[in-house]
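Quick notes on the structure that follows.
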Amino acid sequence: MADKAASPEKKSWADVEEEEEAKAKAAAEAEAAAAASSSSTTEPTVEEQAKQIEALSLAPAVEDAAGEEGPPLLDDSDDSQIQAVTSGGTVYESATMFEDLKLSPELLKGLHDEMGFSRPSKIQAITLPMILTPPYKDLVAQAHNGSGKTTCFVLGMLSRVDQQRKIPQAICICPTRELAQQNKAVLMRMGKFTGITCACAIPPAQKDYMPISKMAPITDQIVIGTSGTLIKWITHKKLATRDIKILVFDEADHMLAEDGFRSDSERMMRDIQRSAGGCQVLLFSATFNERVKDFVTKVIRDGNQIFVKKEELTLEKVKQYKVQVPDESAKIEVIRDKIFEFGQKVGQVIIFVRTKQSTKNVHNALTREDYVCSSIQGSLDQSEREKIIQEFKDGYTKVLISTDVLARGFDQAQVNLVINYDMPIKYGTRDEPDYEVYLHRIGRAGRFGRKGAVFNLLCGPTDNVVMKKIEDYFQHSVPEVRNWQREEDFEAALKDAGLL
DNA sequence: AAAAAAT
């Protein structure tokens with residue numbers, strides 16, 4: 001349907017190699033869109049323009065934290081490709097500099113001095129004007145893992161709340177507690193000079209338990225949390241939604257998926273829209289499968305939309321490999337004797353397993369005197385979860401075994417090796433891959449354009465079917481490490497990935 | 001099965 005309606009000359013941005021050509025294209029498309037909006041009825045125009053925006057395919061932009069070594073700051077030529085995009089009669093000039101965005105001096109200081117960002121990444125350049133320009137339209141935006149989506153919505157929330165008013169004005173909903181805490185940490189750094197405060201709505205550790213009736217109403221301008229606790233705070237009148245101006249869904253495809261958090265999300269949206277009137281809704285994720293995309297475009301009718309073709313979603317700098325192993329014990333052997341030897345020299349490692357029980361089993365099997373491993377899953381007490389994450393972020397632990405609790409959003413620059421101990425499978429199927437989870441897992445390596453490697457440990461015909469389907473889906477063939485018993489083969493793979 | 005509420 002989308003393809004049929006698209007104009008014949010439409011071209012994906014990734015197809016355009018030369019910068020000059022890209023510039024011309026951008027100008028032409030923007031002009032065409034602007035012309036269309038002024039000369040025809042609203043209904044088809046919005047659709048057409050949405051298609052054009054959809055055609056933007058976002059290459060991973062490079063962004064870096066202050067004082068860190070690593071790749072240079074921004075892919076400048078890439079950014080300059082985008083001149084302007086329009087939707088529903090509103091023309092947006094893409095932001096070349098953060099200074100183009102009428103941000104407060106305090107926020108600019110936070111971006112430059114505290115975060116160390118010099119210029120907006122591609123997704124930031126496109127979406128920030130959409131987020132910050134009246135009439136504050138809703139937005140659904142897809143961009144690659146590690147391309148700087150968090151900055152988009154964090155900046156959106158920080159810019160749109162009034163620091164003088166001590167009431168909640170922005171809410172961000174996340175699928176996991178870790179992601180809520182991480183997003184809050186980013187927001188506090190970015191908003192360091194603004195005086196804006198933020199509450200994290202997640203269940204407390206057991207030792208901190210307090211009946212909700214004793215809790216004081218929230219006076220922070222921004223609340224970031226998980227759906228259960230947010231709903232609880234709202235129903236017990238601890239979180240007033242009357243003045244909410246902006247509602248953000250991080251990992252939005254999962255938050256709106258039927259087998260995800262759709263019912264919670266719909267309830268939040270309904271309650272907040274009802275009490276706060278028209279509040280801006282932002283949906284961000286690296287993945288939107290067709291089912292969710294259909295649903296999302298129905299929910300966000302009059303908003304701006306940015307999507308990326310699935311074939312262009314795999315990160316080029318993260319090299320994927322498959323390894324055939326005879327049985328489960330060989331998986332442990334491969335990790336312990338082959339991958340760790342090099343992996344530890346290189347950086348930090350995350351090993352993904354399917355079940356909570358597996359985290360413990362694999363952890364025990366991998367424990368050696370000289371490697372500090374840890375494991376995490378959602379049944380641990382909150383204090384345990386926090387301790388394990390902190391130790392990993394501090395670099396004390398080098399190897400973290402995890403369920404999919406960390407598959408999405410977890411941002412640790414030093415992670416450049418991901419191991420799929422178990423392949424991600426759709427619930428209720430035997431050999432149907434969960435493509436979105438796969439993409440998110442491998443996105444834990446190669447943050448902000450860094451190099452990375454992924455080893456998919458395959459055992460038996462089912463795993464191979466799954467791997468083949470993943471390669472077909474993303475139209476990306478994954479090379480094989482020939483012999484699981486040869487150290488040299490793994491060394492060669494890591495060298496090829498640029499990690500050695 | 002994993003995640004997320006509290007119970």
Side-chain angles (χ1 to χ4, degrees), chain A residues 171-184 199-215 223-239 248-269 271 285 287 289 292 350-363 375-382 384-386 388-389 400-410 418 420-441 444 462-463 466:
Chain A
I171 293 177
C172 172
I173 316 178
C174 312
T176 64
R177 303 171 193 185
E178 283 70 25
L179 200 44
Q181 289 171 313
Q182 179 179 286
N183 286 337
K184 182 192 167 178
C200 196
I202 63 172
Q206 258 166 30
K207 66 172 174 56
D208 300 324
Y209 175 79
M210 187 210 288
I212 181 105
S213 55
K214 300 217 170 140
M215 180 183 157
V223 182
I224 302 179
T226 49
S227 55
T229 304
L230 282 167
I231 288 173
K232 189 179 174 187
W233 287 10
I234 292 170
T235 30
H236 287 84
K237 309 256 189 253
K238 302 301 181 184
L239 171 52
V248 179
F249 291 87
D250 194 7
E251 306 297 341
D253 63 320
H254 192 230
M255 299 311 294
L256 292 172
E258 261 177 316
D259 61 346
F261 296 89
R262 181 180 290 184
S263 53
D264 284 353
S265 298
E266 285 189 306
R267 180 172 167 191
M268 295 267 313
M269 242 187 266
D271 288 1
S285 183
T287 53
N289 69 31
V292 180
I350 299 182
I351 302 174
F352 284 107
V353 297
R354 195 169 54 93
T355 65
K356 296 176 183 177
Q357 185 57 47
S358 300
T359 61
K360 296 171 189 166
N361 299 344
V362 174
H363 189 167
S375 55
I376 188 169
Q377 37 89 0
S379 313
L380 299 180
D381 183 74
Q382 185 55 26
E384 273 295 301
R385 289 170 71 154
E386 283 172 20
I388 289 158
I389 292 296
L400 183 53
I401 300 144
S402 175
T403 58
D404 283 327
V405 66
L406 293 190
R408 286 172 174 263
F410 182 69
V418 165
N420 282 323
Y421 186 94
D422 300 309
M423 296 299 285
I425 305 294
K426 276 203 188 100
Y427 179 56
T429 73
R430 201 173 57 87
D431 57 9
E432 192 54 29
D434 192 323
Y435 302 105
E436 286 72 38
V437 169
Y438 180 81
L439 200 78
H440 284 281
R441 281 183 180 185
R444 293 321 97 212
T462 307
D463 281 350
V466 169

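Every heavy atom of this structure was used, including side-chain atoms; hydrogens, water molecules and symmetry mates were not. Residue numbers start from 1 in every chain, and the chains themselves are labelled A, B, ... in the order their sequence lines are given, proteins ahead of strands.
When rounded to the nearest whole Å, the span between CG of A:D264 and C1' of B:dA6 equals 13 Å. As rounded to whole Å, 9 Å separates atom P of B:dA5 from atom CD of A:Q382. If you measure from atom NZ of A:K356 to atom C1' of B:dA3, you get 8 Å, rounded to the nearest angstrom. Atom-to-atom, CD1 of A:I202 to P of B:dA3 comes out at 15 Å; the value is rounded to the nearest Å. One atom, CD of A:Q377, and another, P of B:dA3, lie 6 Å apart when rounded to the nearest Å. Computed from coordinates, the A:D250 CG to B:dA4 C1' distance equals 15 Å when rounded to whole Å. Protein atom NE2 of A:H440 is 19 Å distant from nucleotide atom P of B:dA2, rounded to whole Å. The separation between A:R354 atom CZ and B:dA3 atom P is 12 Å, rounded to whole Å.
Closest to the A:R385 side chain, of the nucleotides B:dA4, B:dA3, B:dA1, is B:dA4. Side chain of A:K232, nearest nucleotide from B:dA1, B:dA6, B:dA2: B:dA6. The side chain of A:T355 has B:dA1 as its nearest neighbour among B:dA4, B:dA1, B:dA3. Side-chain atoms of A:T229 lie closest to B:dA5 of the nucleotides B:dA2, B:dA1, B:dA5. Of the candidates B:dA4, B:dT7, B:dA6, B:dT7 carries the atom nearest the A:Y209 side chain, counting heavy atoms from C-beta on. Minimum atom distance to the side chain of A:P203 is reached by B:dA6, of the listed B:dT7, B:dA1, B:dA6.
A:F261 does not qualify as a stacking partner of the B:dA4 base, lacking a centre-to-centre distance under 5.5 Å together with planes within 30°.
Using a 4.0 Å heavy-atom distance criterion, A:D434 is classed as making no nucleic acid contact.
For the pair A:R262 and B:dA3, the criterion of a side-chain N or O lying under 4.0 Å from OP1 or OP2 is not met. Put simply, A:K426 has no side-chain N or O that comes within less than 4.0 Å of OP1 or OP2 on B:dA1. Residue A:T226 places at least one side-chain N or O under 4.0 Å from the OP1 or OP2 atom of B:dA5. Considering only side-chain N and O atoms, A:R177 lies under 4.0 angstrom from the phosphate OP1 or OP2 of B:dA4.
In terms of the side chain to side chain donor-acceptor pair (under 3.5 Å) criterion, residue partners of A:D404 (sequence neighbours excluded) are, by chain and number, A:R441. A:D431 pairs by the salt bridge (Lys or Arg N to Asp or Glu O under 4.0 Å) definition with A:K469, not counting sequence neighbours.
Side-chain atoms of A:I376 and A:E178, non-hydrogen and from C-beta on, do get closer than 4.5 Å to each other. Side-chain contact check for A:L179 versus A:E251: some heavy-atom pair is nearer than 4.5 Å.
Of the possible donor and acceptor atoms, none in the side chain of A:T359 sits under 3.5 Å from a partner among the backbone N and O of A:S375.
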